[in-house]
*Asks:* 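The following block contains the structure, expressed as structure tokens.
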2 protein chains.
Amino acid sequence: MQIAPADFDPLFAALADHTRRDIVRRAISAEEGVLELANHYPMSFAAVQKHVAVLERAGLITKQRIGRRRVVRTNLEALLVARRLLDQYEELWRARIDRMNELIAESDGAIDTVETKGSKR
Amino acid sequence: MQIAPADFDPLFAALADHTRRDIVRRAISAEEGVLELANHYPMSFAAVQKHVAVLERAGLITKQRIGRRRVVRTNLEALLVARRLLDQYEELWRARIDRMNELIAESDGAIDTVETKGSKR
DNA sequence: CATTGATACAACCATATGGTTGTATCAACC
DNA sequence: GGTTGATACAACCATATGGTTGTATCAATG
């Protein structure tokens with residue numbers, strides 16, 4: 001089914017707005033239509049509707065028709081996609097630290113090679 | 001020292017650009033100055049410098065003077081701040097699932113209460 | 001100390017974004 | 001089937017963003 005082709009730009013852009021993050025948060029546990037969502041914020045219904053559209057394009061929420069309303073639900077998958085990228089960065093970071101530790105271990109036999117004076121490249 | 005007052009807007013906005021994410025990735029393991037970074041991308045030095053400035057304002061990178069260059073380093077803390085928010089969302093999601101399971105368990109004794117007809121407010 | 005390598009910043013442009021109001025669609029319900 | 005509740009969408013505006021070129025700063029280095 002391919003939830004999202006991992007297009008990070010719209011994903012993070014969608015998360016870069018306080019109102020949209022709050023919609024995501026609400027849509028995790030609540031089952032509100034767009035109008036009900038809009039009542040929580042100090043802006044017009046249309047503005048909120050546009051925010052919802054942005055979130056939907058980013059794959060962060062889905063809408064399901066229920067009666068007259070379109071109930072907004074957060075898509076966990078998209079959140080995980082974003083988190084996974086950050087995890088990868090963290091992993092890279094750890095790897096770098098490990099590499100540095102190895103280097104330090106290697107040069108343990110020749111201690112004051114780097115000591116007290118660092119000629120920079 | 002208060003690395004970042006958890007201002008998510010600039011944080012996610014900074015991550016919502018392919019070039020900037022790539023700079024973050026590079027700056028995790030490399031130790032490049034702004035000019036060296038710029039050479040990796042098909043845009044002007046000034047454009048890259050602006051991207052670096054955006055990342056710095058978001059707290060995602062720091063610069064350290066080394067010789068003539070300003071070496072760009074990724075700030076793990078900021079990445080973790082972003083990840084933590086996503087983790088919280090995921091946690092909320094799990095909590096909702098748990099709650100739903102509880103409800104299902106509760107109504108196990110009185111099965112067809114909700115069955116075949118849902119009066120929707 | 002004058003030069004130069006590396007960076008920062010200002011001014012400008014095109015397009016994107018976040019908000020508004022107004023209108024159109026469209027399924028529920030009487 | 002006409003009315004209405006809920007949503008979508010168009011047009012518009014102000015500001016932000018991502019790019020450009022050009023100029024200024026500023027510390028290393030000869």
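All chains are named by letter (A, B, ...) in the order of the sequence lines, taking the proteins before the strands, and each is independently numbered beginning at 1.
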*Asks:* Side chains of B:Arg70 and B:Gln64: is there a donor and an acceptor less than 3.5 Å apart?
*Replies:* no
*Asks:* Write down the partner of C:dC29 under the Watson-Crick or G-U wobble criteria, each distance required to be under 3.5 Å.
*Replies:*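 Result: D:dG2.
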*Asks:* Donor-acceptor check, side chain of A:Arg57 to backbone of A:Leu11, threshold 3.5 angstrom: yes or no?
*Replies:*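 Between the backbone of A:Leu11 and the side chain of A:Arg57 there is no qualifying donor-acceptor contact (under 3.5 Å).
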*Asks:* Out of C:dA6, D:dG19, C:dG18, which nucleotide sits closest to the side chain of B:Leu35?
*Replies:* C:dA6
*Asks:* For DNA chain D, which residues in residues 20-33 of chain A have a heavy atom at a distance below 4.0 Å?
*Replies:*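 Listed by number, they are A:Gly33.
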*Asks:* When you measure from every atom of DNA chain D, which of residues 38-47 of chain A have a heavy atom less than 4.0 Å away?
*Replies:* A:Phe45, A:Ala46
*Asks:* Could you check whether A:Glu90 pairs with A:Arg83 (Lys NZ or Arg NE/NH1/NH2 to Asp/Glu carboxylate O, under 4.0 Å)?
*Replies:*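 Judged by the 4.0 Å cut-off on N to carboxylate O distance, A:Glu90 and A:Arg83 do not form a salt bridge.
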*Asks:* Taking the minimum atom-to-atom distance to the side chain of A:Arg70, which one of C:dT7, D:dA8, D:dG19 wins?
*Replies:* D:dA8
*Asks:* Output yes when A:Arg21 and A:Asp17 qualify as a salt bridge under the 4.0 Å nitrogen-oxygen rule, no when they do not.
*Replies:*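 Here A:Arg21 does not pair with A:Asp17 in a salt bridge, since their nearest N and O are not under 4.0 Å apart.
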*Asks:* Name the pairing partner of C:dG19, where a pair is Watson-Crick or G-U wobble with both distances under 3.5 Å, or state none.
*Replies:* D:dC12
*Asks:* Kindly point out which of C:dT7, D:dG18, D:dA8 is positioned nearest to the side chain of A:Gln49?
*Replies:*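 Of the options given, the side chain of A:Gln49 lies nearest D:dA8.
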*Asks:* Looking at D:dA28, does its base get a donor-acceptor pair with the side chain of B:Arg68 below 3.5 Å?
*Replies:*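 In this structure, the two groups form a donor-acceptor pair.
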*Asks:* Please answer: with hydrophobic residues joined when any side-chain heavy atoms are less than 4.5 Å apart, are B:Val81 and B:Ile23 in the same cluster?
*Replies:*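 Hydrophobic grouping puts B:Val81 with B:Ile23.
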*Asks:* Is B:Asp22 salt-bridged to B:Arg25, cutoff N-O under 4.0 Å?
*Replies:* yes
*Asks:* Quick check: do B:Met43 and B:His51 have side-chain heavy atoms less than 4.5 Å from each other?
*Replies:*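 Of all side-chain heavy-atom pairs linking B:His51 with B:Met43, at least one is under 4.5 Å.
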*Asks:* Expressed as a whole number of angstroms, how long is the span from A:Lys50:NZ to C:dA16:C1'?
*Replies:* 11 Å
*Asks:* Of all the choices, D:dG18, C:dA6, C:dG19, which nucleotide is nearest to the side chain of B:His51 once you look at every atom?
*Replies:*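 The answer is D:dG18, which lies nearest to the side chain.
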*Asks:* Ignoring the backbone of A:Lys63, work out which of D:dA8, D:dA6, D:dG18 is nearest its side chain.
*Replies:*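 For the A:Lys63 side chain, the nearest candidate turns out to be D:dA8.
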*Asks:* Would you compute the distance between atom CZ of A:Phe45 and atom NZ of A:Lys50 and round it to the nearest 0.5 angstrom?
*Replies:*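 With rounding to 0.5 Å, CZ (A:Phe45) is 13.0 Å from NZ (A:Lys50).
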*Asks:* Taking the basic N atoms (NZ, or NE/NH1/NH2) and the acidic carboxylate oxygens, is any pair closer than 4.0 Å for B:Glu31 and A:Arg96?
*Replies:* yes
